[in-house]
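Note that the structure is a prediction, hence the values are computed from the model and not measured. Residue indices begin at 1 and follow the sequence shown.
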Amino acid sequence: MGKVAIALLCALAAGCGGGTAPQALSADDAAYQQKLQEQFLDAKPGSVIEIPAGRHALDRVLTLRANGVTIRGVGADKSILSFKNEISGPEGMLVYASDFTIEHLAIEDSKGDGLKVNDGENITIRDVRVEWTGGPKTTNGAYGIYPVKSKNVLIEDSASIGASDAGIYVGQSQNVIVRRNRAEKNVAGIEIENTINADVYENTATGNTGGILVFNMPNLAQPGQSTRVFNNKSFDNNLANFAAKGAAVASVPAGSGVVVNSNPKVEIFDNDIAGNRTANLIISSYFSTNYYNTRGVDPKYDPYPRAIFVYGNRFKGGGDSPDGLELKTLKTAMFGINGHFPDVLWDGYVDTKSLVNGLPPPAERICVQNGDAEVLNADGPNKYKNPKVEKTSFQCELPKLAAVELPHS
């Protein structure tokens, strides 16, 4: 193959990256890919696209633009779509549709995001595994399961492994349930970003850099609020951060169990959070992310976490070996070489303009009603000069959030 042809393939694949050249599909795989592409193009409301058992090698993104379609395999370990030799994408599957269901299949080794759903309504993702089989690498796709700007989203009984940003990510969406999933070996296991009304429960996040994240980022279409994180297991999320430089999650310290950043109305309860070596729970502002947009920050953006209610969780271990020189130094200075941070680490940033008698308004406070759990106020605004462990100042309650209800759940 000539240099011009190789360069063209590299461009289609969004860069060769110095890896091995993609292998041509076998005749059987090429024939199946053509059939599957035709099914995606010809789909109409009510269509069901069946993915048979087997490992099906594909080299081009699958794109769906019809509403009311179901894509169904026979199991996440049986019906496998492999994009290891993808030359045109970069996603594995790209969906612009509503009333969409995908279930019982796997997407492996896409060059970019595994499964991306844009601007959809009534989305069901069930028993879907997205995985980069070569292990955690910065060159892996950013997002595994990735609905964005969508409404009424259900992600259940699924898994994401090896994403270089977030394994299961829901962004700029409304009315979301993420339940009974497993996220492993991603930078962020599960991330809810700029989303309104989300319930995240009965999931397992382990072996990631950060287990479960609830973020509000600037300069996006909508700010998020009202997320409940409950009855999850987030443990041993101590994987070194392998996100691409400049990504928002590149600032997440390894060893983070649950992280709330700049988000209002977050309720965290009845979780098992253990063995996360920076802290089991981190509550922080945008100012602690080290993520600064070159376009500047929308003046309407609120960088502070507000109305965070933590109660009834089971914390164990963790906080003994925080990531990063500043946190390591802080831990050693306060608790000694063999000590550990308290279960809750707060960066200490607060909107001083809103304070009343030195405290935020009652409806905007951080409340921790969690047995013996203490909070370390790291005093981030003063570069950790006056950190202190607190408990009584966080003894408050907030109104509980309503459960998310979906028309198709």
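Ring geometry, Tyr143 versus Tyr169: the interplanar angle falls from 30° to 60°, so the pair is classed tilted.
The main-chain N or O of Asp127 is found under 3.5 Å from a side-chain atom of Ser158 such that the two form a donor-acceptor pair. With hydrogens and angles ignored, the 3.5 Å screen pairs a side-chain donor or acceptor of Gln222 with a backbone N or O of Asn194.
Considering only residues two or more places apart in sequence or on other chains, Glu364 meets the side chain to side chain donor-acceptor pair (under 3.5 Å) condition with Arg306. With sequence neighbours excluded, the residues that form a side chain to side chain donor-acceptor pair (under 3.5 Å) with Arg182 are Glu184. Judged as a side chain to side chain donor-acceptor pair (under 3.5 Å), and not counting sequence neighbours, Asp236 has no contacts. For the side chain to side chain donor-acceptor pair (under 3.5 Å) test, residues two or more places apart in sequence or in another chain that qualify with Gln33 are Asp59. Under the side-chain contact (heavy atoms from CB on, under 4.5 Å) criterion, Lys300 pairs with Asp298, sequence neighbours left out. Scanning for side-chain contact (heavy atoms from CB on, under 4.5 Å) contacts around Asp343 gives Asn280, Phe315, Ala373, with sequence neighbours left out. Judged as a side-chain contact (heavy atoms from CB on, under 4.5 Å), and not counting sequence neighbours, the contacts of Asp372 are Lys391. By the side-chain contact (heavy atoms from CB on, under 4.5 Å) test, Gln225 pairs with Ile196, Pro264, Lys265, sequence neighbours left out.
Glu108 has a carboxylate O that lies under 4.0 Å from a charged side-chain N of Arg129, or vice versa, which qualifies the two as a salt bridge. Looking at Lys331 and Asp320, no side-chain N of the basic residue comes within less than 4.0 Å of a carboxylate O on the acidic one, giving no salt bridge. Remark: Arg180 engages Glu156 in a salt bridge, criterion side-chain N to carboxylate O under 4.0 Å. For the pair Asp119 and Lys149, the salt-bridge criterion is not met [side-chain N within less than 4.0 Å of a carboxylate O].
Aromatic ring centres of Tyr286 and Tyr301: separated by under 6.0 Å. Two rings, from Phe309 and Phe269, have their centers 6.0 Å or more apart.
Using a 4.5 Å heavy-atom cutoff, the side chains of Ile155 and Ile168 are in contact. The shortest distance between side-chain heavy atoms of Gln369 and Val310 does not fall below 4.5 Å. The shortest distance between side-chain heavy atoms of Asp157 and Arg179 does not fall below 4.5 Å. Counting heavy atoms from C-beta outward, Lys233 and Asn203 have side chains that stay 4.5 Å or more apart. Looking at heavy atoms from C-beta onward, Ile51 lies in side-chain contact with Tyr32 at the 4.5 angstrom threshold. You'll find the side chain of Gln39 stays beyond 4.5 Å of the side chain of Leu41, heavy atoms only. At a threshold of 4.5 Å between non-hydrogen side-chain atoms, the residues Val249 and Thr209 do not count as touching.
With rounding to the nearest 0.5 angstrom, the CD1 atom of Ile123 is 13.0 Å from the CD1 atom of Ile145. Remark: Ile190 CD1 to Asn208 CG distance equals 8.5 Å, nearest 0.5 Å. Atom CZ of Phe215 sits about 12.5 Å away from atom OG1 of Thr227, to the nearest 0.5 Å.
The two atoms that bring Gly189 and Ala183 nearest to each other are O-CB, 3.4 Å, heavy atoms only. When all heavy atoms are compared, the tightest approach of Gly211 to Ser234 is CA-OG, 3.7 Å. Here the closest non-hydrogen pair linking Ser164 and Asn140 is OG-O, 2.9 Å.
Counted by atom type alone, Ser285 and Asp347 present one or more donor-acceptor pairs between their side chains at under 3.5 Å. In this structure, a donor-acceptor pair under 3.5 Å is present between the side chains of Asp109 and Thr133. Counting only N and O atoms by type, the side chains of Asp113 and Ser110 include no donor and acceptor under 3.5 Å apart. For the residue pair Ser393 / Glu390, a side-chain donor-acceptor distance below 3.5 Å is found, with atom types taken as modelled. Checking Ser284 against Asn261 by side-chain atom types alone, a donor-acceptor pair falls below 3.5 Å.
Surrounding NZ of Lys388 are at most 12 heavy atoms belonging to other residues, nucleotides or ligands under 6.0 Å away. For Glu405, the CD atom counts as loosely surrounded, since its 6.0 Å shell holds 12 or fewer non-hydrogen atoms of other residues, nucleotides or ligands.
Contacts classified as ring pair (Phe, Tyr, Trp, His ring centres under 6.0 Å) and involving residues 90-139 (residues at least two apart or in different chains) are not found. Among residues at least two apart or in separate chains, side chain to side chain donor-acceptor pair (under 3.5 Å) pairs with a member in residues 62-74 are Arg72-Glu103. For residues 307-399, the pairs satisfying disulfide bond (SG atoms under 2.5 Å apart) are Cys367-Cys396, with sequence neighbours left out. Contacts classified as ring pair (Phe, Tyr, Trp, His ring centres under 6.0 Å) and involving residues 366-405 (residues at least two apart or in different chains) are given here: Trp346-Phe394.
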